[in-house]
Amino acid sequence: MTQTSTPHLVLVDGSGFIFRAFHALPPMTSPAGVPVNAVYGFTNMLSRLLREHAGSHLAVIFDAGRHTFRSEIYPAYKAHRPEAPEELRPQFALVRDATRAFNVPGIELPGWEADDLIASYARAVQAIGGTCTIVSSDKDLMQLIGNGVSMVDPMKQQPIGLAEVEKKFGVTPDKVIDVQALMGDSSDNVPGVPGIGPKTASALINEFGTLEAVLSAAPEMKKSKKREMLIEHAEAARISRRLVELACDVPLPVAIDELTVKEPEKETLAAWLENMGFRSLISRMGMATYAGTEAHRAARATAEASVNPTEAQADTGISETVTAPPYSGYETVRTAEALERWVAAAREAGLCAVDTETDGLDPLSAGIVGISLATAPGKACYVPLRHQGTLEEPAGEQLSPDDAITLLRPLMADASVLKIFQNAKFDLLVFDRAGLDFTDISPTDDTMLLSYVQSAGLHGQGMDELSALHLGHKPISYTDVTGTGRNKIPFAQVAVSKATDYAAEDADVTLRLWYALHPSMRANQCLALYEQIERPLSPVLAEMEKTGIAIDRAALSRLSEDFATRMAVMETDIHAEAGREFNVASPRQLGEILFDEMGLKGGKRGKAGAWGTDSSVLQDLVDQGHALPEKVLAWRQLAKLKSTYTDALLRQATTDDRVHTSFQMAITTTGRLSSNEPNLQNIPVRTEEGTRIRQAFIASRGKKLISADYSQIELRLLADAADIPALREAFTQGQDIHTRTASEVFGIPAEEIDSLTRRKAKAINFGIIYGISAFGLSKQLGISPGEARTYIEAYFTRYPGIRDYMERMREQARELGYVLTSFGRRCYVPGIHDKNAARRQYAERQAINAPLQGGAADIIKRAMVRLPRAIADAGLSARMLLQVHDELLFETSEDEAPRVAALVRDIMENAAQLSVPLVVETGIGNNWAEAH
DNA sequence: GTCCTCACG
DNA sequence: GACGTACGTGAGGACG
């Protein structure tokens with residue numbers, strides 16, 4: 001390239017493009033798991049530019065940082081711009097890498113915006129008689145157009161000329177800054193003159209010529225709001241002009257003649273594109289494919305497949321064609337030699353996905369039927385162990401479970417091989433039953449939890465759902481191989497070939513999910529939460545489930561009979577009162593009796609048209625003096641206790657008279673656990689009858705139960721997060737928080753607070769945690785919504801920080817779609833932009849509640865992870881049995897009980913450091929009611 | 001399967 | 001001015 005012809009300099013507004021591409025393109029991730037959608041858009045744009053529109057000279061210009069001379073003139077300038085989204089941040093550096101890979105100079109200069117550099121280069125080229133094309137759609141660059149400087153929109157690939165500027169600003173390019181100075185720019189915090197918008201601004205500039213002319217003509221204008229504003233805000237307009245006017249005399253970091261277009265080095269570029277996973281670009285540019293390892297190619301294809309191809313096509317007009325390895329061709333492993341080969345492959349890979357197949361979904365009772373392993377995407381096997389064979393297909397040779405476990409044990413314990421599970425707790429328990437202690441399986445990862453910490457509330461965490469979402473693949477379903485209903489067969493009766501297709505695929509999918517989910521952990525700032533809390537919790541919960549809790553069968557049987565007898569008497573009574581027989585358990589029939597036949601008032605119909613008959617409705621009727629609803633309420637209480645608790649618990653207890661719940665780790669939107677089959681997190685406690693059920697949860701012979709529960713943990717988190725001095729002080733001094741609230745909100749000395757007033761304050765405190773509404777509070781307290789509103793107002797007046805906290809959470813949810821606990825857990829709030837106000841407000845309340853409920857969940861989980869080790873280190877033999885959100889229940893020998901209680905309290909209270917103390921209350925007893 | 005109701009934090 | 005309402009769960013019975 002020589003300088004005989006005049007230069008044509010192409011200047012790419014790199015920073016502007018990144019933001020636009022990021023928001024315009026669907027999410028994509030590189031094989032390494034880094035988000036790359038903006039990088040992809042940028043790379044495409046750059047390669048097209050080189051191919052089609054290259055001038056003689058080319059440079060990409062970037063912003064060097066947030067601080068520029070403009071923030072010195074006017075500190076508010078761009079001050080309220082939010083931080084770049086997390087998915088975008090890692091892409092800034094990658095885009096700079098892209099320019100290097102293409103051998104294009106990337107230029108930035110601290111203290112100056114990209115726009116200033118662009119302006120300076122453009123003027124410099126004009127000065128030497130050259131021409132310039134600015135590749136950008138930024139309106140602030142339009143002031144430069146003319147005299148050989150043109151602009152082109154990189155996304156729409158359309159030129160931006162005089163017509164476009166006229167349309168946008170109503171003036172010629174040389175007058176754009178004067179118009180901008182008058183109208184201001186809210187997105188950049190350029191003040192302008194209040195009340196003057198684009199129409200007035202351009203009219204004024206067209207009439208008077210320049211900003212100064214407008215300002216000096218203002219006093220002579222006829223009296224109007226406009227005139228006043230122009231006079232009053234003249235200085236703001238002048239500052240605005242300095243803010244929008246681009247600097248044309250910035251020192252040029254690289255001389256223009258060094259910007260001549262050069263050919264990229266093909267190998268460097270190809271390697272970089274390969275690394276990013278932009279394979280279609282490689283082929284489009286006619287370059288050979290850089291050869292990676294088989295595993296890396298497969299992993300890359302898997303990760304690329306996570307891009308939704310139709311969206312990508314629609315937005316870019318370009319499609320990445322990728323091929324993941326097929327989900328087929330799996331091996332059935334029948335011999336020790338074959339299994340040893342797979343163990344060796346796993347060792348070589350440094351990781352493997354593991355899945356177990358069982359007879360049944362309860363890992364505590366189901367036996368192992370087979371094991372599958374995957375060592376690379378598409379490379380997986382199934383080891384049948386206890387298949388029975390079918391008429392058409394005999395099971396054939398199988399390893400025995402013991403032999404298989406013996407062969408796998410060293411691999412499972414190998415510290416250099418990562419074992420990847422989907423829902424590790426299940427497989428750990430299955431292995432444990434098969435003779436491989438889950439303490440001997442390490443290190444592990446769990447794709448379900450990897451996904452959960454990044455997407456709770458956004459979607460379910462089941463393997464099939466994750467596979468569809470991240471891999472675009474629908475795995476063979478369990479019911480496809482076992483059938484459903486009356487045709488359902490145990491997994492051991494599934495033909496081995498079919499079982500291999502299904503089971504090996506599950507391990508394969510798990511491995512591919514790991515490649516899709518693990519790399520984004522760091523960028524999403526979920527790694528610590530996952531590694532320090534969720535992952536180590538799996539074996540802790542597995543141990544608790546395995547242990548179970550003892551119940552008193554005789555007591556439960558007596559209770560059940562007692563309830564049955566009393567219900568029968570009540571039923572007769574209720575029928576007599578109603579004037580006819582009906583099913584008391586049927587809400588519909590009850591509603592008809594009460595509101596149609598007896599004509600009671602106060603009924604409300606639900607959306608299905610049926611009368612509502614829940615306890616608040618019935619209680620209203622009781623308060624009106626009616627007898628029947630009161631009897632139904634009493635009957636219902638017993639019916640609930642009998643069916644849900646006494647009878648069900650007797651059914652679910654194992655032969656050693658213990659019940660074993662299952663804790664679900666990835667169900668709730670806030671990070672709490674849930675408990676099912678049976679649910680041991682909702683055992684009655686609030687009524688006397690309920691207490692009798694709790695008494696049936698007992699310590700086994702010679703032992704004691706210890707209950708330890710956090711006092712007011714969510715309110716403490718609120719006092720901490722919202723930074724409310726009065727609440728913090730109350731907690732620090734160990735005051736009764738509801739009394740203190742009552743005193744402050746109602747303006748009464750603490751000593752004079754009666755129980756009713758304290759109850760009101762307590763309801764408000766709880767309401768705050770739930771994202772208070774006047775209606776909800778009024779219902780809770782049985783007062784009018786108007787009165788509730790005055791309470792809430794008084795509360796906010798006294799504690800303004802609470803309102804700020806609430807608004808911060810709403811704002812964060814609107815901006816990001818999720819809120820965070822202080823430990824980095826993401827809680828998605830999908831309805832936050834719903835156009836339906838009710839659903840949107842519901843989402844806002846979720847956003848307010850989730851950091852508190854979720855933060856409390858994080859804290860108790862931290863304690864749970866530390867406790868088993870702490871108990872063992874102290875030489876104690878206590879076992880953790882249950883978690884009920886803010887309570888832990890332990891079983892221990894009688895003589896150790898006080899020491900265990902003290903230790904548990906210590907660990908729990910120090911599980912997190914807040915600006916308020918955490919307080920744990922413990923109790924020791926022979927049964928759960930006594931201990932609580 | 002879905003609705004209603006109700007047990008817990 | 002109407003909307004529909006406190007946050008998070010799981011289980012059992014009725015009903016279609």
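Because the structure is a prediction, the values reported are computed rather than measured. To find a chain, count down the sequence lines: A is the first, B the second, and so on, and within it residues start at 1.
In this structure the side chain of A:Phe663 reaches within 4.5 angstrom of the side chain of A:Met544, judged on heavy atoms. Using a 4.5 Å heavy-atom threshold, the side chains of A:Ile706 and A:Leu889 count as separate. For the pair A:Phe766 and A:Leu715, the minimum side-chain heavy-atom distance is 4.5 Å or more. For the pair A:Asn926 and A:Leu705, the minimum side-chain heavy-atom distance is 4.5 Å or more.
Under 4.0 Å is where a charged nitrogen must lie from a carboxylate oxygen, and between A:Lys642 and A:Asp647 at least one such pair does. Look at A:Asp858 and A:Arg825 and you find a salt bridge, because one of the NZ, NE, NH1 or NH2 atoms lies within 4.0 Å of a carboxylate O, short of that distance. Classification of A:Glu807 and A:Arg810 as a salt-bridged pair holds, one side-chain N sitting under 4.0 Å from a carboxylate O. Note on A:Glu545 versus A:Lys425: salt bridge recorded, some NZ/NE/NH1/NH2 to OD/OE distance being below 4.0 Å.
Using modelled atom types and a 3.5 Å distance limit, the side chains of A:Tyr452 and A:Thr668 yield a donor-acceptor pair. Between A:Glu930 and A:Gln695, the side chains place no donor N or O within less than 3.5 Å of an acceptor N or O (distance only, hydrogens not considered). Side-chain polar atoms of A:Asp723 and A:Tyr805 form no donor-acceptor pair below 3.5 angstrom.
The CG-P distance, from A:Leu777 to C:dC7, rounds to 13 Å in whole Å. Across the protein-nucleic acid pair, A:Asp647 atom CG and C:dA11 atom C1' stand 13 Å apart, rounded to whole Å. Distance, A:Lys642 NZ to B:dC6 P: 18 Å, rounded to whole Å. In this structure, the CE atom of A:Met806 is 15 Å from the P atom of C:dA6, given to the nearest Å. Atom NZ in A:Lys640 sits about 4 Å away from atom C1' in B:dC6, given to the nearest Å. Put simply, CE on A:Met567 is 15 Å from P on C:dG12, counting in whole angstrom units. Atom CG of A:Asn849 is separated from atom C1' of B:dG9 by 11 Å (rounded to the nearest Å). Counting to the nearest Å, the C1' atom of C:dA6 and the OH atom of A:Tyr791 are 17 Å from each other.
A:Phe766 comes within 4.0 angstrom of nothing in the nucleic acid, heavy atoms only. Counting any heavy atom pair closer than 4.0 Å across all strands shown, A:Gly854 reaches no nucleic acid atom. Residue-level contact check: A:Gly771 touches neither bases nor backbone, having no heavy atom under 4.0 Å from any strand. Residue-level contact check: A:Arg672 touches the bases, meaning some heavy atom is under 4.0 Å from a base atom. Counting non-hydrogen atoms under 4.0 angstrom, A:Thr668 reaches the backbone sugars and phosphates but no base. Contacts of A:Glu887 with the nucleic acid, taken as non-hydrogen atoms under 4.0 Å apart, are absent. Within the 4.0 angstrom heavy-atom criterion, no nucleotide atom of any strand lies near A:Glu714. Residue A:Ala788 is out of contact with every strand shown, counting any heavy-atom pair closer than 4.0 Å. The residue A:Gln589 sits close only to the backbone: its heavy atoms come under 4.0 Å of sugar-phosphate atoms, none of a base. Within 4.0 Å of A:Arg605, counting heavy atoms only, lies no atom of the nucleic acid at all. At a threshold of 4.0 angstrom between heavy atoms, the contacts of A:Asp709 with the nucleic acid are absent.
Atom P of B:dT5 sits at a distance of 13 Å from the matching atom of C:dA6, rounded to the whole Å. For the P atom pair drawn from C:dT5 and B:dC4, the interatomic distance equals 11 Å after rounding to whole Å. Comparing B:dA7 with C:dA2, their C1' atoms are spaced 34 Å from each other, to the whole Å. With both ends at atom P, the span from B:dC3 to C:dG4 equals 16 Å, rounded to whole Å.
Considering only side-chain N and O atoms, A:Gln846 lies under 4.0 angstrom from the phosphate OP1 or OP2 of C:dG8. Of the side-chain N and O atoms in A:Arg588, one or more sit less than 4.0 angstrom from OP1 or OP2 of C:dG16. Using a 4.0 Å cut-off, some side-chain N or O of A:Lys779 falls inside it from OP1 or OP2 of C:dA6. OP1 and OP2 of C:dG12 both lie 4.0 Å or more from every side-chain N or O belonging to A:Thr644. For C:dC15, the OP1/OP2 oxygens have a side-chain nitrogen or oxygen of A:Ser586 closer than 4.0 Å. Remark: A:Asn679 is not in phosphate contact with B:dA7, judged by side-chain N or O atoms under 4.0 Å from OP1 or OP2. Between A:Ser616 and B:dC6 there is no side-chain polar atom (N or O) within less than 4.0 angstrom of OP1 or OP2. Between A:Arg845 and the phosphate of C:dT5, there is no side-chain N or O to OP1/OP2 separation shorter than 4.0 Å. Considering only side-chain N and O atoms, A:Arg694 lies nowhere under 4.0 angstrom from the phosphate OP1 or OP2 of B:dA7.
Distances were taken from every side-chain heavy atom of A:Ser674 (C-beta onward) to each of B:dC6, C:dG10, B:dG9; the shortest belongs to C:dG10. Side-chain proximity of A:Leu641 to B:dA7, C:dG13, B:dC8: nearest is B:dA7. Here the nucleotide nearest the side chain of A:Ala648, chosen from C:dG12, C:dC7, C:dA11, is C:dG12. In this structure, of C:dG12, C:dT9, B:dT5, it is C:dT9 that holds the atom nearest to the side chain of A:Ile667. Distances from the side chain of A:Phe775 to the nucleotides C:dG10, C:dG8, C:dT5 place C:dT5 closest. For A:Tyr645, whose side chain is taken as the heavy atoms from C-beta onward, the closest listed nucleotide among C:dT9, C:dC7, B:dA7 is B:dA7. Comparing C:dA14, B:dC8, B:dT5 against the side chain of A:Asp614 picks out B:dT5 as the nearest. Minimum atom distance to the side chain of A:Asn682 is reached by B:dA7, of the listed B:dA7, C:dG13, C:dA6. Nearest to the side chain of A:Gln853, among C:dG8, C:dG10, B:dC8, sits C:dG8. Of all nucleotides listed (C:dA11, B:dC8, B:dC4), B:dC4 comes nearest to the side chain of A:Pro587.
Pairing partner, B:dC8: C:dG8, with both Watson-Crick or wobble hydrogen-bond distances short of 3.5 Å.
Of the residues in residues 925-932 of chain A, not one places a heavy atom less than 4.0 Å from an atom of DNA chain B.
DNA chain C is contacted by both A:Ile772 and A:Ala837; A:Ala837 maps to the nucleotide lying nearer its 5′ end (nearest heavy atom per residue).
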